[in-house]
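Below, read A as the first sequence line, B as the second, and so on, with proteins coming before strands; counting in each chain starts at 1. Computed from a predicted model, the values in this text were never measured in an experiment.
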Protein chains: 2
Amino acid sequence: MTNIRDVAKSAGVSVTTVSRVLNNHPYVSEEKRKLVLKAIEEMKYHININAVHLTKGVTKLIGVVIPFINHPYFSSILDGIANEARKNDYKLILFQTDYDLDKEIEALEMLRMKQIDSLIICSRECKWSIIEEYETYGPIVVCEDGENLGVKSVYIDHYQAFKTGLDHLVNRGHKRIGYCIGRRTGKNSEQREAAYLDTLEKIDEPVHEDWIFDQAYTIVDGEKVVHRFMHLVERPTALLVTSDQVAAGILMQCSKEHIRIADELSIISFDNHPISEYLQLTTIDLPLEQMGKELLGAVLKPDPVRNRQMPFRLIERKSVKTL
Amino acid sequence: MTNIRDVAKSAGVSVTTVSRVLNNHPYVSEEKRKLVLKAIEEMKYHININAVHLTKGVTKLIGVVIPFINHPYFSSILDGIANEARKNDYKLILFQTDYDLDKEIEALEMLRMKQIDSLIICSRECKWSIIEEYETYGPIVVCEDGENLGVKSVYIDHYQAFKTGLDHLVNRGHKRIGYCIGRRTGKNSEQREAAYLDTLEKIDEPVHEDWIFDQAYTIVDGEKVVHRFMHLVERPTALLVTSDQVAAGILMQCSKEHIRIADELSIISFDNHPISEYLQLTTIDLPLEQMGKELLGAVLKPDPVRNRQMPFRLIERKSVKTL
DNA sequence: CTGTTAGCGCGTTCAT
DNA sequence: ATGAACGCGCTAACAG
């Protein structure tokens, strides 16, 4: 493999000069620059970026910890991150965790070993204290309320977002409300459950454990939800659904089962992806791509703002009936 | 930053010995090993992986060139790649191209600069000759028929897959057949178009340019397809749809417009994702995850097989009517 | 403007 | 079983 020294020799200059033209430094005479360029061309020289990484202690690589990539919620965030990364000339290295703690630690370790300059954690499994510890090795930003701990965060207040949906339903006269969610565990899920329980308490309604439908990730999962819904002795009049996709599945299955959306079952979904407009779903818009963009921004800039909350807003369409 | 030399000093051994325990080499006395481990612990030493990369000339990183990540076709492949990568202790670095040639070249350059050990190209834009040229820098495998050129490939024969769908339709008495596709350009699309044209010619049917619906990527795009379909003076009796998602969208919109699937419009989709079973779509199963797995395998093993074709199969369900 | 030289942190002969 | 010394390819003082 031909290296910078070979080029220098062949061009009759020093390695420094070669390095300078390689990095577009000033203070190189046009004459020598041409000489070097010619040598590079002739010898088919190409820089070894690992040596650069070692020398500079930086890789221009950012790690992204993400549970899945084939879920619209996360792939939207990832899209936002990826686009912004490209703009800033960073590349992404993926740590798909399936919510596995070990995979997350692995990513943290890569930060420590300087394979990546910084780390974006889209879904946290490990303790805050662990993250704080690793922060000495490079910037870390978590997509979850940092709660004014040391860790930087860019996040959506899922408690308030959920509450907004709940309140909308309550204001429309609904009292019998259930919800669909991916998993019951994890910070975001807990926040949503808290909002749910708080609201029920406020309107003095009992909790129906069987009105909480979990394992709802995809459009196909909507089918199961509707099946379970139909077998209920007591049915809710409204459902909060944490993804437009699942809501779409519910709509489709309801149509098959002749359950009239809004009339018999009101739906508020989340994300405001194109499909929700198509289906005229009342939904809560979550600025996912934007959040991805800001996650990357946060990891890059030595911004003093540690906890950045993203806005959300309810978009009224036609899936909620006023009782 | 504490390095291997510091540890060696502190443990009272040579750097070589430290390196040995780091890499689990034999020929280190248990006594010294303990000493080293203790020093590592105390000094909070951690290896700098970039130095390892430089020395070894290898990074355990594989690049993946992919146009989008939020499209089921590609995210399925990516999933397959990612799972297999994890098993083999490789990490992935993503090059999302949006079909942009420059981004693809960028990935190729990373191979040349040894930032990645090998490269998987899920969708090729650049010339075969360019890829062959870069192959000197590391293994490359393309997810497209390599046509016995120098480049390794793992792919689906989209001509035959499309033909299989077409023949099924023809055998069921259909003659007026159209199709939906993401884009008209690109190798895969050209193959499908060729299969389409060949079939029409065989059954002596004219080509209706307006029976070819492009820009169909997502479930929402199904709406536009149906709109265009409805405004047709002459309508096809069947549609081949290159993704289950788009087919799902078509089904939904047809339901709204009271167009009866199968009876008025037969559909064959591709991929066999869960939604196709849910909707009872006749579809052509494409082993996407498996292909991802084999793409990674191909890039790792010095396998002599250069062109590996993946199988596919038609799954009959209820979206095709026999005329 | 240009070159010399000392690292960056680690792996690896090759003696011992 | 162990260590000295060199090399990986490049950058960045520093000197000129």
Inset, instruction - Assign B:Ile47 to base, sugar-phosphate, or nothing according to its heavy-atom contacts below 4.0 angstrom with the strands shown. - result: sugar-phosphate

Legend entry - B:Glu147, CD: over 12 other non-hydrogen atoms inside 6.0 angstrom: yes

Inset, instruction - Rounded off to whole Å, could you give me the CG-to-P distance for the A:Leu35 and C:dC1 pair? - result: 16 Å

Inset, instruction - Please work out if A:Val13 contacts a base, only the sugar-phosphate, or nothing of the nucleic acid, heavy-atom cut-off 4.0 Å. - result: sugar-phosphate

Legend entry - Earlier contact from the 5' end, DNA chain D, for A:His46 and B:Val28: B:Val28

Legend entry - OP1 or OP2 of C:dC8 under 4.0 Å from side-chain N/O of A:Lys114: no

Inset, instruction - Grab the CE-C1' distance between B:Met1 and C:dG7 for me, whole Å please. - result: 13 Å

Inset, instruction - Taking ring-ring contact (aromatic ring centres under 6.0 Å, His included) as the test, write out the residues that go with B:His25, two or more places apart. - result: none

Legend entry - Flag if over 12 foreign heavy atoms under 6.0 Å of CD, A:Glu41: no

Inset, instruction - Starting from P on D:dA4, measure out to NZ on B:Lys9 and report it in whole angstrom. - result: 12 Å

Legend entry - Rounded interatomic separation in angstrom, taking CD1 from B:Ile49 and C1' from D:dC8: 16 Å

Inset, instruction - For B:Thr17, answer base if it contacts any base atom (sugar-phosphate contacts may also be present), sugar-phosphate if it contacts only those atoms, and nothing otherwise; contact means non-hydrogen atoms under 4.0 Å. - result: sugar-phosphate

Inset, instruction - Look at atom CD of B:Glu30 and say whether more than 12 heavy atoms of other residues, nucleotides or ligands are closer to it than 6.0 Å. - result: yes

Legend entry - 4.5 Å side-chain heavy-atom contact, B:Val15 and B:Ser19: no

Legend entry - Minimum-distance nucleotide to A:Arg20 side chain [options: C:dG3, C:dG11, D:dC10]: C:dG3

Inset, instruction - Could you state the atom-to-atom distance from CG of B:Leu22 to C1' of C:dG11 in whole Å? - result: 11 Å

Legend entry - Residues in salt bridge (charged side-chain N to carboxylate O under 4.0 Å, His left out) contact with A:Lys293, at least two apart in sequence or another chain: none

Inset, instruction - Tell me what B:Thr16 touches on the nucleic acid: a base, only sugar-phosphate, or nothing, going by heavy atoms under 4.0 Å. - result: base

Inset, instruction - Name the closest nucleotide to the A:Ile4 side chain, picking from C:dG3, D:dC10, C:dC10. - result: D:dC10

Inset, instruction - Nearest-nucleotide wise, let me know which of B:Leu54 and B:Ser14 is further upstream toward the 5' end of DNA chain D. - result: B:Ser14

Inset, instruction - Remember a base hit wins even if backbone is also touched, and classify B:Val18 as base, sugar-phosphate or nothing at under 4.0 Å, heavy atoms. - result: nothing

Inset, instruction - Could you tell me whether A:Asn23 contacts a base, only the sugar-phosphate backbone, or nothing, with contacts defined as non-hydrogen atoms closer than 4.0 Å? - result: sugar-phosphate

Inset, instruction - Give a yes/no on whether any side-chain N or O of A:Thr55 is located under 4.0 angstrom from OP1 or OP2 of D:dG9. - result: no

Inset, instruction - Give the rounded distance in Å between these two atoms: NE2 of B:His25 and C1' of D:dG3. - result: 15 Å

Legend entry - Side-chain N or O of A:Tyr27 closer than 4.0 Å to phosphate OP1/OP2 of D:dA12: no

Legend entry - OP1 or OP2 of D:dG9 under 4.0 Å from side-chain N/O of A:Asn48: no

Legend entry - Rounded distance (Å) that lies between atom P of C:dG11 and atom CZ of B:Arg5: 12 Å

Inset, instruction - Check the distance between C:dG11's P and A:Asn50's CG and give it to me in whole angstrom. - result: 14 Å

